[in-house]
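Worksheet: one structure, shown below.
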Amino acid sequence: MTGRVQLAINVDDLAESIGFYSKLFGAEPAKVRPGYANFAIADPPLKLILMENPGHGGSINHLGVEVPDTDAVDAEQQRLAGVGLASIDERDTTCCYARQDKFWVQGAPNGERWEIYTVLADSQEFWGESGSKSFDAVEAAPDASEPAAATGACCGDAGLGEQTTESAAPACCG
């Protein structure tokens, strides 16, 4: 698989965490938005996502692999299907200040949430064109056999509590 690993972590204080990770990796964030920052680290190749989620700091939100384009997303989905791993599509979705094509891998043995994705375009909105939570999000739960109903959540953030207001800090994504 060609791409870079994504690590999305929950942080209690975004500004403090940006300061720490800027020093740790010797790089400034590639994108900073309300409640969200991402770093595109060259060495080691890493997409580090910081999700401001007070009370959950230090925990993993989700994991992923960012690939170069939709063809790579499709190829990985086919490859994983060939070895018996199910997936749930989220195509042309806006999440985490980016329009993306992606899918969620099902069945991780410890409940980890893995996405394989490509960024199609930048977005000024976290959720969608108008900032509304208008797409069908899914949870990549190890025992899920069908997509979850639309929850208004992004990136399968089950277990973190559903967002209740549009201005609430986002609980996920790359």
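In what follows, every heavy atom counts, from backbone to side chain, and hydrogens, waters and symmetry copies are set aside.
No side-chain N or O of Gln6 forms a donor-acceptor pair with one of Asn38 less than 3.5 Å apart. In summary, the side chains of Asp69 and Thr118 do not present any donor paired with an acceptor at a separation below 3.5 Å, with no hydrogens or angles considered.
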Report task. Please step through side-chain contact (heavy atoms from CB on, under 4.5 Å) for the pair Val105 and Glu76, ending with a clear verdict. Result -> CA-CA 10 Å; Val105 179; Glu76 286 306 312; over 6 Å; no
Report task. Start with the C-alpha distance between Ile9 and Tyr21, add both sets of side-chain angles, then the distance that settles side-chain contact (heavy atoms from CB on, under 4.5 Å), and finish with yes or no. Result -> CA-CA 12 Å; Ile9 59 174; Tyr21 287 105; 3.3 Å; yes
Requested in this report: Starting from the C-alpha separation in whole Å, work towards a yes-or-no answer on side-chain contact (heavy atoms from CB on, under 4.5 Å) for Cys95 and Glu90.
Outcome: CA-CA 10 Å; Cys95 179; Glu90 273 194 83; 5.7 Å; no
Query raised in the report: Do Phe103 and Val73 pass the side-chain contact (heavy atoms from CB on, under 4.5 Å) test, and can you show the C-alpha distance, the side-chain angles, and the key distance before you say yes or no?
Result: CA-CA 8 Å; Phe103 68 90; Val73 171; 3.7 Å; yes
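A donor-acceptor pair under 3.5 Å is formed between the side chain of Asp101 and the backbone N or O of Asp92. Panel note: side chain Asn10, backbone Gly57; no donor-acceptor pair is recorded below 3.5 Å.
A distance of 6.0 Å separates OG1 in Thr93 from NZ in Lys102, rounded to the nearest 0.5 Å. With values rounded to the nearest 0.5 angstrom, Lys31 atom NZ is found 13.5 Å from Phe39 atom CZ. Taking CZ of Arg33 as the reference point, atom CD of Glu125 lies at 9.5 Å (rounded to 0.5 Å).
Side-chain contact between Ile49 and Asn61: absent, with no pair of heavy atoms (C-beta onward) separated by less than 4.5 Å.
Scanning both residues, Thr94 and Arg99, for their nearest heavy atoms gives OG1-CG, 3.9 Å. Nearest approach of Ser123 to Ala98, heavy atoms of both residues: CB-N, 3.8 Å. Contact detail for Gln124 and Asp122: the closest heavy-atom pair is NE2-OD2, 3.7 Å. The shortest non-hydrogen separation linking Ser87 to Gln77 is OG-NE2, 2.7 Å.
Ile41 is connected to Ile18 through a chain of hydrophobic side-chain contacts under 4.5 Å among Ile, Leu, Val, Met, Phe, Trp and Tyr, so both are in one cluster. Hydrophobic cluster membership is shared by Leu7 and Val32, with clusters built from Ile, Leu, Val, Met, Phe, Trp and Tyr side chains linked at under 4.5 angstrom. Tracing side-chain contacts under 4.5 Å through hydrophobic residues (I, L, V, M, F, W, Y), one never reaches Val5 starting from Met51; they form parts of separate clusters. A continuous path of Ile, Leu, Val, Met, Phe, Trp and Tyr side chains, each step under 4.5 Å between heavy atoms, connects Leu63 with Leu85, placing both in one hydrophobic cluster.
Between Phe126 and Tyr36, the two ring planes are perpendicular [angle over 60°; tilted spans 30° to 60°].
For the side-chain contact (heavy atoms from CB on, under 4.5 Å) test with Gln100, the passing option among Glu66, Glu115, Arg91 is Glu115; the others fail.
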